[in-house]
Amino acid sequence: MYIAILLLAIISTVHSCPPSDRAALLSFRAALNESYLGIFNSWKGYDCCHEWYGVSCDPTTHRVADINLRGESEDPLFEKAHRTGYMTGTISPSICKLERLSSLTIADWKGITGPIPSCITSLPFLRIIDLVGNKLTGSIPSTIGRLSRLTVLNVAENQLTGYIPRSLTNLSSLMHLDLRNNFIYGNIPTNFGKLRMLSRALLSRNKLTGHIPYSISYIYRLSDLDLSLNKLSGSIPPSLGKMHVLATLNLDGNNITGTIPPSLINSRINILNLSKNTIEGYIPDSFDERSYFMVMDLSYNKLKGRIPKSISSATFIGHLDVSHNHLCGQIPEGSPFDHLEASSFTYNDCLCGKPLKPCH
């Protein structure tokens, strides 16, 4: 009997997580406070690979591979409580002792403060960093570019400051970059185009300055570029309109000048928001059957002249807004103008025709 119990203990020890990983997790947990849902109640016993909430291990090595703690979850724990999670505390550097960590998700807890531990850039297997929706401060670690396997970097909706690290453009596997809603300042790196695998670049609601880098147009897979609500200046690179996959381009709420590149009009882009800038000149008269816009917002700029007649040859325009400009002349008849409201054309110099007043 004693031998059987001893053998069982040896087998369970072999298949449990190493004591160093367990100690690192307990040290990480000690820096956090989540008192309502009790998600850490399951963090007991010697095997952190077995039924510890949000912890997953590699089945072969039994090393901790994933930490997935999300404050807005569909887990029964959250559904039973009829609420989202709230957690305070900090992210302990002890997380960096989990040498085989592949994904780190500590998201949507609303109250976690302090910096992103800079030592996480020493974790060579890290593929996912998702820290969205907390109150993290400080800057993105300057050595972030060491993480050669990183595919997702999401630090949106925090209180981060500092520059976009130069080394970030070394993340050759990065597919999803989300820095929205922080206080990040300075320029977008000129060699941003090195991120060849990137499909989404979401940098809105920061304090970014300088020009939009031309090199962005080298990112063949990029489908969603959101640089809105920053302090970017200069003109729009015409090469953005020649990108093969780019479908959403949000540049609204910046200090962008110059004219609208005609290449944007007959591109693959179907959501184009250039509103609230100081863009001048004419709306390009280059619409054709390739022009397909679910949304085209050109409002609050300094555009002049007529609304081009070629706009009627666009395959589809769902929502068009050219209000608050200096446009003049008759609004073209037919599609898409027959389904647009007057508010799409108001506050111009002398536009007339349906849905505004008739021309004289």
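Side-chain atoms are counted along with the backbone in the values below, which use heavy atoms only and exclude waters and symmetry mates. This is a predicted model, so every value here is computed, not measured.
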Would you say Asn254 and Asp252 make side-chain contact, with heavy atoms under 4.5 Å? no
Will you find, in the side chains of Arg180 and Ser204, an N or O donor that is under 3.5 Å from an N or O acceptor? no
Between atom CG of Asn230 and atom CD1 of Ile188, what is the distance when rounded to the nearest 0.5 Å? 7.0 Å
Does the side chain of Asp285 pick up a donor-acceptor pair with the side chain of Ser310 at under 3.5 Å? yes
Could you identify which residues cluster with Tyr218, counting Ile, Leu, Val, Met, Phe, Trp and Tyr as linked when any side-chain heavy atoms lie under 4.5 Å apart, either directly or through a chain of such contacts? Tyr214
In this structure, would Leu303 and Leu340 fall into the same cluster of hydrophobic residues linked by side-chain contacts under 4.5 Å? yes
Is the closest side-chain heavy-atom distance between Ile307 and Leu351 below 4.5 Å? yes
Within residues 345-360 or reaching into it, pairs that qualify as side-chain hydrogen bond (donor to acceptor under 3.5 Å, both in side chains) - sequence neighbours excluded: His326-Asp349
Sequence neighbours excluded, the answer for ring-ring contact (aromatic ring centres under 6.0 Å, His included) partners of Trp52 is Trp43
Residue pairs passing the ring pair (Phe, Tyr, Trp, His ring centres under 6.0 Å) test where at least one lies in residues 187-213, sequence neighbours excluded: none
My understanding is that a hydrophobic cluster links ILVMFWY residues whose side chain heavy atoms are under 4.5 Å apart, including indirect links. Using that, what else belongs to the cluster containing Tyr282? none
Hydrophobic clusters join Ile, Leu, Val, Met, Phe, Trp and Tyr when side-chain heavy atoms are under 4.5 Å apart, directly or via other members; which others share one with Ile128? Val152
Any Ile67 side-chain heavy atom under 4.5 Å of Leu25 side chain: yes
Output every pair passing ring pair (Phe, Tyr, Trp, His ring centres under 6.0 Å) with a member in residues 121-146, not counting sequence neighbours, ordered by first then second residue. none
Under 4.5 Å side-chain heavy-atom separation, chaining through any Ile, Leu, Val, Met, Phe, Trp or Tyr, what else clusters with Met197? Say none if it is isolated. Met175
Show every side-chain hydrogen bond (donor to acceptor under 3.5 Å, both in side chains) that has at least one partner inside residues 133-153, sequence neighbours left out. Thr121-Thr143
Return each pair, listed once, that meets ring pair (Phe, Tyr, Trp, His ring centres under 6.0 Å) where at least one residue sits in residues 229-261; pairs must be two or more places apart or across chains. Tyr220-His244
Hey, is Cys57 close enough to Cys17 that the SGs sit under 2.5 Å? no
Hydrophobic clustering (ILVMFWY, side-chain heavy atoms < 4.5 Å, transitive) - are Ile164 and Leu202 grouped together? no
Pair Asp21, Arg63 - check salt bridge (Lys or Arg N to Asp or Glu O under 4.0 Å), show working. CA-CA 7 Å; Asp21 279 14; Arg63 300 294 304 271; 3.0 Å; yes
Would you list the pairs meeting ring pair (Phe, Tyr, Trp, His ring centres under 6.0 Å) in which at least one residue belongs to residues 139-191, sequence neighbours left out? Tyr163-Tyr185
Output every pair passing side-chain hydrogen bond (donor to acceptor under 3.5 Å, both in side chains) with a member in residues 290-305, not counting sequence neighbours, ordered by first then second residue. Asp288-Arg290, Asp297-Ser299, Tyr300-His324
